[in-house]
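Lettering of chains follows the sequences in order, A, B, ..., and the numbering in each one begins at 1.
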Protein chains: 2
Amino acid sequence: MIISDNLKMYVKKLRSSNLRPTKQRLKICQYLFDRDKTFHFTVETLNKKINKNRATKVSLATIYNTVEAFTNAGYLKEILTSKNKSYYDTNIKSHHHFYDEGSKELTDIHYSQIKLSKVPTPPKGKKIKNLEVVIRIQK
Amino acid sequence: MIISDNLKMYVKKLRSSNLRPTKQRLKICQYLFDRDKTFHFTVETLNKKINKNRATKVSLATIYNTVEAFTNAGYLKEILTSKNKSYYDTNIKSHHHFYDEGSKELTDIHYSQIKLSKVPTPPKGKKIKNLEVVIRIQK
DNA sequence: TATCTAGTTTATAATAATTCTAAACTAGAA
DNA sequence: TTCTAGTTTAGAATTATTATAAACTAGATA
Ligand SMILES: [Mn+2]
Ligand SMILES: [Mn+2]
Ligand SMILES: [Zn+2]
Ligand SMILES: [Zn+2]
């Protein structure tokens, strides 16, 4: 995993979405995408991580802007689960989640791990936008 | 549907939950439960309805307090669906929903209308608290 | 029935997450 | 190097919700 290679990749990726590869966006790209496993986060947690032990801070407004831009560009997926906070996911494939009410953390469930053998037809004129299941768990 | 009969019923119901049957709570009971079909609402919509064309207003704080008390008492169920607003449901049975992203409205799906033929086991030490599906729909 | 008090209502303040605003900054085209 | 549209930023504004504390009231008790 050679960082500079990934950096070039992120520059390309951002340009292809008409997003200028600023140092803030690249720093966030590295933090979010230089990893093997899927990553679930809130703006609050991302902000803490990005600005931990770093001289040059990225403003909270930029974290919000960037997460929104990356979501619109399809780099991130928003997971609707909690009533007071938005969750985001680096795994943009269609998949399901466990949501732990205690730790407030999401865990991936592979799409094939849930089989919906019967699904109702949506009301006329409407179509299903998303059928991802969130299973709430607790101790 | 004789209102006074229902009123007596609500008084009993409230007393059985250690909630004093105040005029505000009874008014809200009548609005929420004097109906045949299931009712989905947010605090905002309930507040508007309760205080429409009425001389004596119920404060927003009381609407919040009452919805919370009724939810704790098991008269209402909270539906976690939207990222910025809490939804409540007079249908307290386990069931599923369509959530219309356009109108931001919930519609019931009877429990038997969705069959989950394969469900993953939760992580060790955790158990499933709730497995209700919200299907997001749009035009 | 009058008194008393814990529970309730209410206006208002506080909080938390998010969005908006507008000035300063910068990527990168020309 | 210059220029400008896009970006970052601090801080204000907004929205939903929760907390605070004073006034009110249900209903038990005298
Ligand atoms: Mn919010
Ligand atoms: Mn909120
Ligand atoms: Zn995920
Ligand atoms: Zn429902």
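- For dT26(C), neither phosphate oxygen OP1 nor OP2 lies less than 4.0 angstrom from any side-chain nitrogen or oxygen of Gln24(A).
- Residue pairs meeting the salt bridge (charged side-chain N to carboxylate O under 4.0 Å, His left out) criterion with at least one member in residues 19-31 of chain A, sequence neighbours excluded, do not occur.
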Would you tabulate the pairs of protein nitrogen or oxygen atoms and nucleotide nitrogen or oxygen atoms of nucleotides 1-7 of chain C closer than 3.5 angstrom?
{"unit_1": "dG7(C)", "atom_1": "O4'", "unit_2": "Arg20(B)", "atom_2": "NH2", "d": "3.4"}

Polar-atom pairs under 3.5 Å, protein N or O versus N or O of nucleotides 20-24 of chain C: list them with distances, or write none.
none

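- Ranking dT8(D), dT9(C), dT18(C) by closeness to the Tyr64(A) side chain, first place goes to dT18(C).
- Nearest-nucleotide mapping onto DNA chain D: of Thr42(B) and Ile63(A), the residue sitting toward the 5' end is Ile63(A).
- In this structure, CG of Leu60(A) is placed 18 Å from P of dA13(D), rounded to the nearest angstrom.
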Got a list of side-chain donor-acceptor pairs under 3.5 Å for residues 132-139 of chain A, not counting sequence neighbours?
{"unit_1": "Glu132(A)", "atom_1": "OE1", "unit_2": "Lys77(A)", "atom_2": "NZ", "d": "2.6"}
{"unit_1": "Glu132(A)", "atom_1": "OE2", "unit_2": "Lys77(A)", "atom_2": "NZ", "d": "2.6"}
{"unit_1": "Glu132(A)", "atom_1": "OE2", "unit_2": "Ser94(A)", "atom_2": "OG", "d": "3.1"}
{"unit_1": "Arg136(A)", "atom_1": "NH1", "unit_2": "Thr81(A)", "atom_2": "O", "d": "3.2"}
{"unit_1": "Arg136(A)", "atom_1": "NH2", "unit_2": "Thr81(A)", "atom_2": "O", "d": "3.2"}

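- Out of dA26(D), dT7(D), dT10(C), the shortest distance to the side chain of Val58(B) is found at dT10(C).
- Sequence neighbours left out, the pairs with a member in residues 102-128 of chain B that pass ring pair (Phe, Tyr, Trp, His ring centres under 6.0 Å) are His96(B)-Tyr111(B).
- Side-chain contact between Tyr88(A) and Phe70(A) is absent, with no heavy atoms from C-beta onward closer than 4.5 Å.
- We find that CZ of Phe70(B) is positioned 14 Å from C1' of dT9(C), with the value rounded to whole Å.
- Nucleic acid contact for Thr22(B): sugar-phosphate only, since backbone atoms but no base atoms lie under 4.0 Å from a heavy atom of the residue.
- Rounded to whole angstrom, the span from the NZ atom of Lys85(B) across to the P atom of dA16(C) amounts to 21 Å.
- Within the 4.0 angstrom heavy-atom criterion, no nucleotide atom of any strand lies near Lys23(B).
- In this view, Lys129(B) and Glu101(A) satisfy the salt bridge (charged side-chain N to carboxylate O under 4.0 Å, His left out) rule, not counting sequence neighbours.
- Atom CG of Asn72(A) is separated from atom P of dT7(D) by 12 Å (rounded to the nearest Å).
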